[in-house]
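Below you'll find the structure, written out as structure tokens, and then a few comments.
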Amino acid sequence: RDPGGYREEWFAGGPGEWRLVALSGSESRGPIVLGTRGGMTSIPLTGASLRGSVRGGALELRGSSSTARLTETITLSEGSPFASISVRMEMAAEMSVSGLMSTYAFAPDGRDSREYGPVDFVFTPQLRPAPDEVIADHVFRSPAFILQEGGLAAAVVPDLRSIDGKERSIRSGGDLQVAADRRPFISFGLMNWERKKEDVFYAHADTMLSRVGPGNLTYAFFLYVNASAPPRGAFRDVVRFQWSEYGHSNFLGAVSPQSMPFAAYIHKSWYEFLPSVALDTAYRGVPVTLLRQGRLAWSNRLPPAADNDCWFNVWFNALRTAYGMHLYGTAAGDTLLVQRSERVLNLALLAPRGEGLAPTIFYIDSAGGHWVADQGWGGIDSGKRLPMFHNAFTATWMLAWADLVPARRTAILDFTTGIARFLIAHQEPTGVIPSWYDAATGEPSPVLRDENAETAGAALFLSRYAEATGDTASRRAAEDAMGYILTSVVPDRKWYDFETFFSCSAKPVGFFDTVTGQYPQNTLSMDMAAEACASLFSLTGKKEYLDRGSAILDYLCLYQQVWSPRWLSRELFGGFGVQNTDAEWSDARQEYFAMTLMRYYALTGKREYFERGVAALRAMFSLFESADSPRTAENYGHSGGDTPAGVTGLHWGTGSAVVSVHLVTALYGDAYVNVREGWGAGIDGCRIPAVHAGDGVIRFAVLDNVGVHRTVHVKFGSIPDRSYSVIVNDRPLGQFTPGELERGIDVAV
């Protein structure tokens, strides 16, 4: 208790080694402040009482202003570093309110930040570089505000249940500032905000008033403190907590972005959308198929005929889409689909490579076929530079095609060998590989030359190439590239790729938010880094790659939606955002991330990764432009509002999602049961609430989520070496050997 009222000091550790981590309030903000027409006013907490015991009760702090009474309730859970804190303001009459916020200062061992320099680790869901800006709840996908110095860490994690509501009298948001006071601080609570710049930042002002009351205003959050966190690793506790608190229960729910069986989406993709964009033609005397994006004329300021285009870049990759077409066409006996898919491969292999890299966009007009180095919208120099990232991604998928169509293996290895040699030749001593090159000379552009996270995409390709060929130079280069990512990108979270600076969230290269102490970050490069680590672990057997890759994947999960707020009209659970300077929910990249999560489940056996992967897999399917359309929007809420973005094309929406569906269901079926650990997960529009496995019997229920009677194929994993009787939905299905269970059994739902 201070003369002005009670304040909180938060310690972590144990008897004899308690260490101060955080304090309520900061120099510039009181512990709890109320925003009204007259500005922000601190409400002192002058009363305190303990309900129940310290271990099983709650601490209640009380205060009042001239217009309202305030109660803060703090509940500890034994063994958990997350304390639950709720704030309730009782108003006897209607009043104008702009905000009600709680603030905590980060005080590792009581020190000021000037005693230890820049804090080791910061995370916020969004940047907020200008004085009037805040972090709006529109970007609260997995919201957390995290600070760490050494082993001491603090975080404020909004309680999503307390801020969810379709009709809200006042919005919510947060703030984090590392240098405004002697100690960094975090604020969270209710606050009105408005979008300041399209796609990017949000502002709050005391004049943004809402009429509220009489009655209560409430919000809640969790305060995390830790005195022994791994270096820059406390965020992983937050990621685990968010899934256990929200994600897992939402995953087991009957509502998800998937409202129809996967078969319906497959039909929409290959038999409704694909025919409208496929163009069968010939180039250099070879039959080719263009999967038209219809975007090049706009992007590169070319004549309208340039929209007869086919893209091979990271966003819109026709070769990845065609891979899924081939998988499905082969299984379904659709020879036209298989033929068209192989003609896409024909086109990709015909790209001129010069010194090694290829142009990444093709179009055809009355004068014939033309290759364009790069897109003008998300690239540099009007798309005239050859892009490393797009080449590496396409070459990675080419290597997958070599296994799918062995007859083309020689041509594919010839193509990818040229790219591998180019990347190795241009790798800098630091391990970085520059992003763009002059098409004539092969000289790298200074833009993203010396530092970029696109190098992770090169590491992935070089690792896969080394695995396919046994090439030791590629293996060394892949390890050097990943070494650069781990030492120069991960520590300061410099997740730079082309979209970070050159797309709809344009900003100067190297931009830094001095308020939160963070760089802009893009999730696509994070995913490539996690994939590269997984590939290098498989290639080298070095456990460091699995450990570091899992940490990168966990960081990426801070951008995954563990809920779907009711103030946004679509079902958005499981999707991913784009970057920390963008507004999107459920961006099409989540279909790549679904595969990465499933890959890490296979490597680690962690159930959470499996569930997150399935949630990401389903996320695209709530974004159709209409009930009858086969086209999904690229993402949702792109400009900060409750609306879908535009349709970008087959490759960044319906098609990319369905390709991932084919890949996941081939491995895990329509539903999956882990026998040894006794859990299951629905994949295709179903759920498995519980599994009981023992004494030679596996018993579980498969419940339908989409209201369509059908048969689902259930696969089993982690099976002890014995046969089992299987009972599903209280119906005995017979006895099965481990091999039969691995191959799967059909279940009617």
Side-chain angles (χ1 to χ4, degrees), residues 26 28-30 32-41 87 89 95-104 123-145 156-160 162-177 180 185-213 217-221 504-505 507 513 515-516 518 520 559 561 563-569 572 577-585 636-643:
S26 68
S28 57
R29 288 183 187 159
I32 300 180
V33 295
L34 172 65
T36 62
R37 200 176 299 276
M40 286 287 183
T41 304
V87 176
M89 187 174 75
M95 58 188 296
S96 295
V97 174
S98 65
L100 180 67
M101 294 187 297
S102 298
T103 294
Y104 290 86
F123 178 82
T124 59
Q126 184 88 349
L127 301 188
R128 44 89 71 243
D132 65 334
E133 290 170 353
V134 295
I135 298 163
D137 58 18
H138 183 79
V139 295
F140 277 15
R141 306 173 188 94
S142 282
F145 302 81
V156 169
V157 182
D159 187 336
L160 302 178
S162 75
I163 59 173
D164 195 11
K166 192 167 183 64
E167 301 296 333
R168 302 183 291 165
S169 59
I170 188 168
R171 293 170 164 177
S172 60
D175 192 13
L176 185 151
Q177 300 187 35
F185 68 81
I186 300 167
S187 297
F188 167 72
L190 305 176
M191 65 176 73
N192 283 323
W193 50 263
E194 63 184 20
R195 180 166 48 88
K196 184 178 178 184
K197 301 171 186 173
E198 186 175 356
D199 304 331
V200 186
F201 302 121
Y202 305 87
H204 166 78
D206 294 338
T207 55
M208 298 177 186
L209 297 166
S210 294
R211 295 295 294 174
V212 297
L217 275 182
T218 63
Y219 62 91
F221 56 94
C504 52
S505 179
K507 61 189 76 69
D513 176 7
V515 177
T516 67
Q518 296 178 96
Y559 290 87
Q561 294 138 211
W563 67 321
S564 184
R566 285 185 287 171
W567 69 75
L568 295 177
S569 302
L572 302 169
V578 173
Q579 54 189 326
N580 60 0
T581 57
D582 243 334
E584 293 99 332
W585 290 63
Y636 200 79
H638 183 91
S639 297
D642 184 18
T643 56

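Rounded to the nearest 0.5 Å, atoms CG (N192) and CD1 (I170) are 4.5 Å apart. Distance check, rounded to the nearest 0.5 Å: OG of S187 to NE2 of H204 gives 10.5 Å. Remark: Q518 CD to T124 OG1 distance equals 4.0 Å, nearest 0.5 Å. From F185, atom CZ reaches atom OG of S28 across 4.0 Å, with rounding to the nearest 0.5 Å. Between R171 atom CZ and Y202 atom OH the span is 9.5 Å, to the nearest 0.5 Å. Expressed to the nearest 0.5 Å, how far CE of M101 lies from CG of L34 amounts to 10.0 Å.
Electrostatic pairing of D513 and K507 does not count as a salt bridge here, judged by no charged N lying under 4.0 Å from a carboxylate O. Under the 4.0 Å criterion applied to side-chain N and carboxylate O atoms, R566 and D164 are assigned as salt-bridge partners.
In this structure, the side chains of P565 and R141 stay at 4.5 Å or more apart for every pair of heavy atoms. A 4.5 Å side-chain heavy-atom check between R29 and Q177 finds at least one atom pair inside the cut-off. In this structure the side chain of M40 reaches within 4.5 angstrom of the side chain of D206, judged on heavy atoms. In this structure the side chain of F221 reaches within 4.5 angstrom of the side chain of Y104, judged on heavy atoms. Side-chain atoms of Y559 and P125, non-hydrogen and from C-beta on, never get closer than 4.5 Å to each other. Two residues are said to be in side-chain contact when any heavy atoms from C-beta on lie closer than 4.5 Å; S96 and V212 fail this criterion. Looking only at side-chain heavy atoms (C-beta outward), S169 and L217 come within less than 4.5 Å of each other.
Evaluated for a side-chain contact (heavy atoms from CB on, under 4.5 Å) with S505, the options N580, V578, D582 yield exactly one hit, D582. Checking each of T36, L190, T207, L209 against S98 for a side-chain contact (heavy atoms from CB on, under 4.5 Å) leaves exactly one that passes, namely L209.
Side-chain polar atoms of D137 and S172 form a donor-acceptor pair below 3.5 angstrom. Side-chain contact check for S102 and Y219: at least one donor-acceptor pair (N or O, by modelled atom type) lies under 3.5 Å.
Taking the six-membered ring where the residue is Trp, F140 and F145 present perpendicular rings, their angle passing 60° and hence far from 30°. The aromatic rings of W563 and W567 sit perpendicular, their planes meeting at an angle over 60°, well past the 30° parallel limit. In this pair, W585 and H138 present their aromatic rings perpendicular. The plane angle is above 60°, beyond the 30 to 60° band.
Across P143 and P158, no two heavy atoms sit closer than the pair O-CD, 3.4 Å. Across A583 and G640, no two heavy atoms sit closer than the pair CB-N, 3.7 Å.
Checking side-chain atoms of D642 against main-chain N and O of L568 turns up no donor-acceptor pair under 3.5 Å. Listed for the Q561 side chain is a donor-acceptor partner under 3.5 Å among the backbone atoms of L572.
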- Report the C-alpha separation of V33 and T41 in whole Å, then their side-chain angles, then the decisive distance to 0.1 Å, and conclude whether the side chain to side chain contact (heavy atoms under 4.5 Å, CB included) test is met. CA-CA 5 Å; V33 295; T41 304; over 6 Å; no
- Query: Can you check salt bridge (charged side-chain N to carboxylate O under 4.0 Å, His left out) on R128 and D175, steps first, answer last?
  - Reply: CA-CA 8 Å; R128 44 89 71 243; D175 192 13; 2.6 Å; yes
- Walk me through it: do V87 and T218 pass the test side chain to side chain contact (heavy atoms under 4.5 Å, CB included)? CA-CA 6 Å; V87 176; T218 63; over 6 Å; no
